[in-house]
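Reviewing the structure listed below.
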Amino acid sequence: MNRRARLLAMVVVVAACGGASARGAPPAAADNQLGKFRFLERVAETSPAVTLDGTIEITRDTVTIDMTPGPCRYDEQSRSSTVLRYRCSDVLITLDRAYPTQRAGYSLFTTVQVSARTCVRYETTAGGGRHCIKFENTVEERRVPRSG
């Protein structure tokens, strides 16, 4: 199952969830898209580990997102007539207005550990050229985008 499908392999939540929420413009969702849906997504290869855990509640005129990390707010800068955008801490959540449970996604920047081979000792040749004679394997941290 791909990340997008896992993110929105949602189960209708019967119990109400508390916490911060965001309200956005009304979607043009079909009746089968209405309800409260739960999602849980572990974003691979992140340090520290990132888990997106929350609910999306869709009514005829409102979409509410409650997620950890949060709080979530509707992105007022969004001008799209087909996509709803929410900022939940450092995570951007996007939902298709017509099919919010099937076409949803996330994007974020995270730190990953990357192995690198670094030269620690050089040698200069008689002709003036320089080449590495000793390498060390190191681990570097890099900020990279992740989405699903």
Side-chain angles (χ1 to χ4, degrees), residues 1-122 131-148:
M1 191 180 281
N2 68 33
R3 281 189 213 176
R4 193 165 297 201
R6 281 194 321 263
L7 173 64
L8 292 168
M10 300 179 174
V11 179
V12 176
V13 175
V14 177
C17 295
S21 65
R23 298 201 182 269
D31 284 344
N32 64 352
Q33 298 287 304
L34 304 179
K36 195 165 192 175
F37 305 90
R38 178 159 175 74
F39 61 90
L40 179 63
E41 171 76 3
R42 177 152 165 49
V43 181
E45 303 172 8
T46 61
S47 177
V50 175
T51 301
L52 307 176
D53 182 10
T55 60
I56 298 173
E57 185 171 8
I58 304 166
T59 64
R60 290 206 181 279
D61 64 352
T62 306
V63 172
T64 304
I65 297 180
D66 183 16
M67 187 181 86
T68 301
C72 297
R73 302 213 186 294
Y74 177 71
D75 185 353
E76 299 290 338
Q77 305 297 327
S78 178
R79 300 287 183 235
S80 174
S81 62
T82 59
V83 177
L84 297 168
R85 293 169 41 126
Y86 294 85
R87 289 253 173 229
C88 303
S89 187
D90 293 333
V91 181
L92 176 65
I93 302 291
T94 56
L95 304 166
D96 184 278
R97 284 182 186 268
Y99 302 100
T101 59
Q102 284 92 3
R103 297 181 189 156
Y106 68 87
S107 60
L108 57 94
F109 276 90
T110 187
T111 303
V112 296
Q113 305 269 329
V114 178
S115 296
R117 189 172 176 203
T118 307
C119 183
V120 293
R121 191 164 160 209
Y122 293 93
H131 67 277
C132 187
I133 59 170
K134 184 177 179 187
F135 290 95
E136 277 187 8
N137 291 324
T138 60
V139 176
E140 299 174 354
E141 290 187 345
R142 291 193 185 141
R143 297 277 294 160
V144 297
R146 291 286 183 249
S147 62

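Numbering of residues begins at 1 and proceeds along the displayed sequence.
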Arg143 NZ/CZ over Phe109 ring centroid, <6.0 Å and within 45° of normal:
no

Criterion side chain to side chain contact (heavy atoms under 4.5 Å, CB included) against Pro100, the qualifying member of Ile58, Leu84, Val63:
Ile58

Do Val144 and Thr110 have side chains that get closer than 4.5 Å, going by heavy atoms?
yes

Answer yes or no: does atom CG of Asp53 have more than 12 heavy-atom neighbours from other residues, nucleotides or ligands under 6.0 Å?
yes

Considering all heavy atoms of both residues, which atom of Thr51 and which atom of Leu40 are nearest to each other, and what is their separation?
CG2-CD1, 3.4 Å

Do Arg146 and Val50 have side-chain heavy atoms sitting under 4.5 Å apart?
no

Quick one: OG on Ser107 to CD1 on Ile93, what's the gap to the nearest 0.5 Å?
8.0 Å

Hits for side-chain hydrogen bond (donor to acceptor under 3.5 Å, both in side chains) against Arg142, two or more places apart or cross-chain, chain-then-number order -> Glu140

Would you compute the distance between atom CD of Gln113 and atom OG1 of Thr138 and round it to the nearest 0.5 angstrom?
10.5 Å

Just by modelled atom types, is the Val91 backbone N or O under 3.5 Å from a matching donor or acceptor in the Ser89 side chain?
no

Within the side chain of Arg85, is there an N or O that forms a donor-acceptor pair under 3.5 Å with the backbone of Leu92?
no

What's the separation between atom CD1 in Ile133 and atom OH in Tyr122, rounded to the nearest 0.5 Å?
11.0 Å

According to side-chain hydrogen bond (donor to acceptor under 3.5 Å, both in side chains), who are the partners of Gln77, at least two apart in sequence or on a separate chain?
none

Pairwise distance CG(Leu52) to CE(Met67) - rounded to 0.5 angstrom
5.0 Å

Rounded to the nearest 0.5 Å, what separates atom CD1 in Ile65 from atom CG in Leu95?
4.5 Å

Output the distance between atom OG (Ser81) and atom CZ (Arg97), rounded to the nearest 0.5 Å.
7.0 Å

Say whether, by atom type as modelled, one donor and one acceptor occur between the side chain of Tyr106 and the main chain of Val43 under 3.5 angstrom.
no

